[in-house]
Structures are given as C-alpha cells and as structure tokens.
Amino acid sequence: RKRKNNEEKNTGSPAWMTIFGDLMTLLLVFFVLLYSFSVMDLQKFQGFMSALQNQLGVMDGGKTISESEVMDKGMQGEFFNPSQTNLNKIYKNMQGYIIENNLQDKVRVEMTKRGLVIRLTGEILYDIGRAVIKPNGKVVLDEIGKNIEGINNNIKVEGHTDSLPINNNDYPSNWELSTARAVNVIKYFIENININPARLSAAGYSKYRPVRENINPKNRAVNRRVEVVILNNKINEMVGSE
C-alpha cells in the first residue's frame, strides 16, 4: 500500500514544468507590453500614466510629456538653443526646395555664426539697375516667408550691388540701390506674409561686399544679390550684452 501511494504522488507533470510555464507567461506579458508601448500614442500614454499616478498616490506636478522648450532644455542641458533648432529646420527645408526647383545657381543657403543666410542672386530677384521684385523672386520669397513666419528669430535683409556705377533719378549711387533692394524685400514680407515688422531690419552695402570678383557678367550677377539672414537670437543676445 505504501508503494502504491508513492506511485500516485509521482503522477502528473514534474515541478519544473510549473516554473517553466510561469516563465513563459511572464515573457508573453512582457512582449505584449513592449508592443503596446510601441504603438501607443501620446494621449493613451498620458491616460496610462495618470492611472498609475492615482494608484501610487503621486500628486500632479504639471505636464511632463509634452513638446516644450522647458522640457527640451532640461533634457539637453543649459546650452540648448531653440533659435539654432529653428535655423537647422529652415536650412533643411530650403535645401530641399532649392533642389526640387533646380535653383542651385540662383538661391543658396549657408549656416554661419550669426545665423542662416539665404542668398538670392539678381538673376531671380531683380533686373540690372532696378529694385522691383520679379515674379519668380516673389515665389522664392513666399517660400522663405512660410519658414520664418512661425519662429521668433529676427530677420535682417541685406542688399548688394555689383561694381558697375549707377546714377539716375531713382538711385544716385549703388548705396541707394542696394538699400532699396533690401527694403523692398522687407516690405514684401510685411505686406504679403504678415511678418511682424519688429523682427525685421534692412541694410545696404553697395558694391563693397562682393562674394566674387567683379571681372565678368557671371560674377557680377552673383554679387548683385539680396541676403535674407535669419539671425541666431542667442548669439546676437550674447554679443549685445558684452
């Protein structure tokens, strides 16, 4: 009878199978949770966190899952610069626009210490000796305007001419011509794109800041330009405080 009882006790699955089954169940739950987190949107995640906080007795301390400057700054350190983030985004957008519309010879973008420079040559913006914006130039200015209207960076528009002298009733010298070209771009931004005038400034440099030597028509066309400078606000604030 004793041997019979021992045989009855030994029937069924061994003890390690129970442990193995529990382990497999835990792994299944773990991967289900991973999948659920991978497809969970922000609203669902906030609901989950709120429920968890209630269970743990955690008091609300404000939003923590949000795209905000404060959160980004806290995550990236004291050197985080939202102004530079804006510039990087616009640089990428404008590069794509230039390539898509085959404007490499007429529009260029360059990241500099003071900010992002968008250079528009005279071939697309103005006729020689004039400051009236051409239709194709307005299309490019509209694209620039779409990129700058939603940011708080200040904008400086700089006009330049080639070395050919000018003297007429409208523009006694290249100083007046270069300044008029910059001012007309600013007026376009204000009147057509509704950019805040307080963010805008203009400067005319005449022929004295060429990017190429004025030795042939092609180089002069490059020097005959307007540069829209989207200023790095943080850099300019540091310079102004020194």
Side-chain angles (χ1 to χ4, degrees), residues 87 90-91 94-95 97-98 101-149 153-233 236 239-240:
L87 301 185
I90 296 173
Y91 178 89
M94 288 303 303
Q95 282 282 40
Y97 174 81
I98 291 168
N101 293 274
N102 197 28
L103 296 173
Q104 292 90 330
D105 294 336
K106 298 178 177 64
V107 183
R108 295 186 180 182
V109 290
E110 179 184 1
M111 193 71 73
T112 68
K113 184 177 180 180
R114 61 176 180 152
L116 178 64
V117 179
I118 305 175
R119 181 177 299 139
L120 301 95
T121 66
E123 292 181 345
I124 194 170
L125 209 55
Y126 299 113
D127 288 325
I128 297 177
R130 302 192 64 189
V132 178
I133 302 174
K134 298 164 68 173
N136 289 343
K138 292 180 180 180
V139 174
V140 179
L141 292 181
D142 288 338
E143 181 66 24
I144 297 173
K146 287 194 305 184
N147 282 277
I148 65 176
E149 63 179 342
N153 297 62
N154 292 328
I155 313 296
K156 185 177 182 182
V157 182
E158 301 173 344
H160 302 265
T161 68
D162 58 28
S163 61
L164 297 178
I166 186 172
N167 186 357
N168 55 42
N169 292 332
D170 294 324
Y171 311 112
S173 72
N174 280 323
W175 285 109
E176 287 82 4
L177 177 58
S178 63
T179 302
R181 287 174 170 174
V183 170
N184 283 350
V185 170
I186 282 184
K187 290 174 64 177
Y188 188 87
F189 283 153
I190 295 172
E191 296 170 1
N192 296 275
I193 307 176
N194 199 30
I195 302 296
N196 183 358
R199 295 173 53 201
L200 301 169
S201 61
Y205 294 109
S206 185
K207 62 181 181 180
Y208 296 102
R209 297 193 181 184
V211 292
R212 295 183 183 177
E213 291 188 53
N214 287 288
I215 56 176
N216 55 53
K218 184 176 180 180
N219 284 9
R220 285 194 291 270
V222 174
N223 292 330
R224 229 170 25 246
R225 71 196 190 277
V226 165
E227 296 180 346
V228 179
V229 186
I230 307 169
L231 297 171
N232 187 334
N233 288 352
N236 286 274
V239 173

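Panel note: side chain N153, backbone L231; a donor-acceptor pair is recorded below 3.5 Å. Looking only at distances, a side-chain donor or acceptor of N223 sits under 3.5 Å from a matching main-chain atom of R212. Put simply, the side chain of N216 gets close to the backbone of N219: a donor and an acceptor are under 3.5 Å apart. Of the possible polar contacts, one joining the N184 side chain to the A131 backbone as a donor-acceptor pair under 3.5 Å is found.
Residues V228 and I155 are in side-chain contact: their nearest non-hydrogen atoms beyond the backbone lie under 4.5 Å apart. The side-chain heavy atoms of K134 and D127, taken from C-beta on, include a pair separated by under 4.5 Å. Taking 4.5 Å as the limit, some side-chain heavy atom of F189 sits within range of a side-chain heavy atom of I148. The closest side-chain heavy-atom distance from H160 to S178 is not below 4.5 Å. Counting heavy atoms from C-beta on, the side chains of I133 and Y126 come closer than 4.5 Å. The shortest side-chain heavy-atom distance between I118 and V109 falls under the 4.5 Å cut-off. Looking only at side-chain heavy atoms (C-beta outward), V211 and R119 come within less than 4.5 Å of each other.
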For the pair E110 and R108, evaluate salt bridge (Lys or Arg N to Asp or Glu O under 4.0 Å) and give the outcome as yes or no after the intermediate values. CA-CA 7 Å; E110 179 184 1; R108 295 186 180 182; over 6 Å; no
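Scanning for side chain to side chain contact (heavy atoms under 4.5 Å, CB included) contacts around Q104 gives I98, I99, N102, with sequence neighbours left out.
Put simply, CE on M94 and NZ on K146 are 9.5 Å apart, with the number rounded to the nearest 0.5 Å.
By the neighbour-count criterion of 12 heavy atoms within 6.0 Å, atom CG of N168 is densely surrounded, having more than that number from other residues, nucleotides or ligands.
Remark: the E176 side chain and the S173 side chain contain an N/O donor-acceptor pair separated by less than 3.5 Å.
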